[in-house]
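First the structure, in the form of structure tokens, and then the observations on it.
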Amino acid sequence: MTGLHKWGLALAVTLLAVGGSVTGASAATKTKDLPFTTYVRTKKAMTIGAKLKTKAGYRTVYVKKNQLLAVSTVDTKQVGKNFKEYATFTLGAVHYAKIKNLKYSPKKIRLSTANFKPVKTLKAPVRTQLLLKGTGYKIGRTRVYQPGLVLTLDNYLQTYSKFQLKKYDANWLNPSTDVSDLTFMNKKPLDSVKVTKLTKKGKTYTLDYKTPLKGFADKKISKHHYRLTIKQLGTSKQNYLPIDDTYDAAASWTNYQLNNKPYFSGQMEWGLD
């Protein structure tokens with residue numbers, strides 16, 4: 001069960017227990033829980049149960065103040081007459097070289113305003129989305145694989161070939177292009193470069209880096225200076241495979257232009273009949 005689903009279930013249990021609305025529950029318990037959020041920033045240094053592999057073995061990761069964290073799971077605990085939220089966290093979809101050496105032992109931490117501040121939206125919401133080459137999902141007798149690209153939470157661009165995405169596919173990659181599943185992010189990409197500058201203007205993102213990306217048509221600005229421009233376009237929805245006046249699959253996605261070439265990111269649901 002995902003953290004978001006756990007949160008919803010926990011909230012339902014809380015409301016049944018106190019017999020009131022969300023506002024009534026909060027007022028009755030005087031909690032300082034954070035509002036619903038996917039990411040948070042720390043208000044103080046702490047540990048989250050993460051360890052990083054080194055030559056000398058695994059060492060504990062100490063998270064600094066103002067560190068961006070991804071909320072993994074959320075649970076409600078009853079303490080006396082009050083209900084309090086506790087959560088587990090990860091560093092999220094960071095770059096391959098780091099995430100492959102991370103391991104987590106879930107540590108429940110009070111999800112309160114004293115420990116964290118909520119992040120309503122990422123500076124670049126395109127982060128953690130696998131951008132696939134093309135204009136949207138295609139349904140046929142065989143799956144269609146296209147090259148892909150990811151911008152990690154710690155500002156690394158990672159590219160993947162068609163062969164890699166087919167190899168890594170675990171029956172979820174095609175239905176969804178959200179790479180919050182960290183088992184995918186520890187797979188080796190075709191290439192990875194550090195973004196030295198990221199600017200956002202409206203729905204356009206400009207990313208600058210020092211070396212060209214393998215498997216991608218960069219725009220060379222000067223020596224040791226390459227640029228990727230991501231333009232977010234509109235969204236699309238489509239139903240597929242009609243069976244007895246219903247559909248077996250439905251998809252929604254957002255279209256992008258990466259250096260004027262079409263890409264998309266979205267999700268597909270199967271088994272709707």
For this session: Spell out, as yes or no, whether a donor-acceptor pair under 3.5 Å connects the side chain of N101 to the backbone of K53.
Result: no
For this session: State whether D75 and K108 are salt-bridged, where the test is any N-O pair (Lys NZ or Arg NE/NH1/NH2 against Asp/Glu carboxylate O) under 4.0 Å.
Result: yes
Exercise. Looking at the rings of F89 and F116, which for Trp means the six-membered one, are their centres under 6.0 Å apart?
Worked result: yes
Exercise. What about V126 and V195, same hydrophobic cluster or not, with Ile/Leu/Val/Met/Phe/Trp/Tyr joined at side-chain heavy-atom distances under 4.5 Å?
Worked result: yes
Exercise. Can you list the steps and then say if T60 with T47 is a side-chain hydrogen bond (donor to acceptor under 3.5 Å, both in side chains)?
Worked result: CA-CA 8 Å; T60 299; T47 60; over 6 Å; no
Exercise. Between the main-chain N or O of H95 and the side-chain N or O of Q158, is there a donor-acceptor pair closer than 3.5 Å?
Worked result: no
Exercise. Can you name the side-chain hydrogen bond (donor to acceptor under 3.5 Å, both in side chains) partners of K188, sequence neighbours left out?
Worked result: none
Side-chain donor/acceptor pairs under 3.5 Å, residues 254-263, sequence neighbours excluded:
residue, atom, partner, partner atom, Å
N255, OD1, W253, NE1, 3.4
N255, ND2, T135, O, 3.0
N259, OD1, T229, N, 2.8
N259, ND2, A217, O, 3.2
N259, ND2, R227, O, 3.3

Exercise. Centre of Y205's six-membered ring, under 6.0 Å away, within 45 degrees of the axis: is that where NZ or CZ of K231 sits?
Worked result: no
Problem set entry | Over 12 non-hydrogen atoms of neighbours within 6.0 angstrom of NZ in K43 | yes
Exercise. Given the rule in the side-chain hydrogen bond (donor to acceptor under 3.5 Å, both in side chains) test, do T76 and E85 qualify, once you have shown the distances and angles that lead to the verdict?
Worked result: CA-CA 5 Å; T76 300; E85 302 288 355; 3.0 Å; yes
For this session: Would you mind checking if D154 and K194 are paired as a salt bridge, meaning a charged N to carboxylate O distance below 4.0 Å?
Result: no
Problem set entry | Derivation and outcome, side-chain hydrogen bond (donor to acceptor under 3.5 Å, both in side chains), residues N115 and K44 | CA-CA 7 Å; N115 293 328; K44 56 187 176 183; 3.1 Å; yes
Problem set entry | Quiz item: cation-pi between K51 and Y58, 6.0 Å / 45° | no
Exercise. Taking L68 as the fixed residue, which of L91, V40, V94, L122 is the one that meets the side-chain contact (heavy atoms from CB on, under 4.5 Å) rule?
Worked result: L122
For this session: Give a yes or no on whether the backbone of Q164 and the side-chain of S161 come within a donor-acceptor separation of less than 3.5 Å.
Result: yes
Exercise. Quick check: are there more than 12 heavy atoms from other residues, nucleotides or ligands sitting under 6.0 Å from NZ of K200?
Worked result: yes
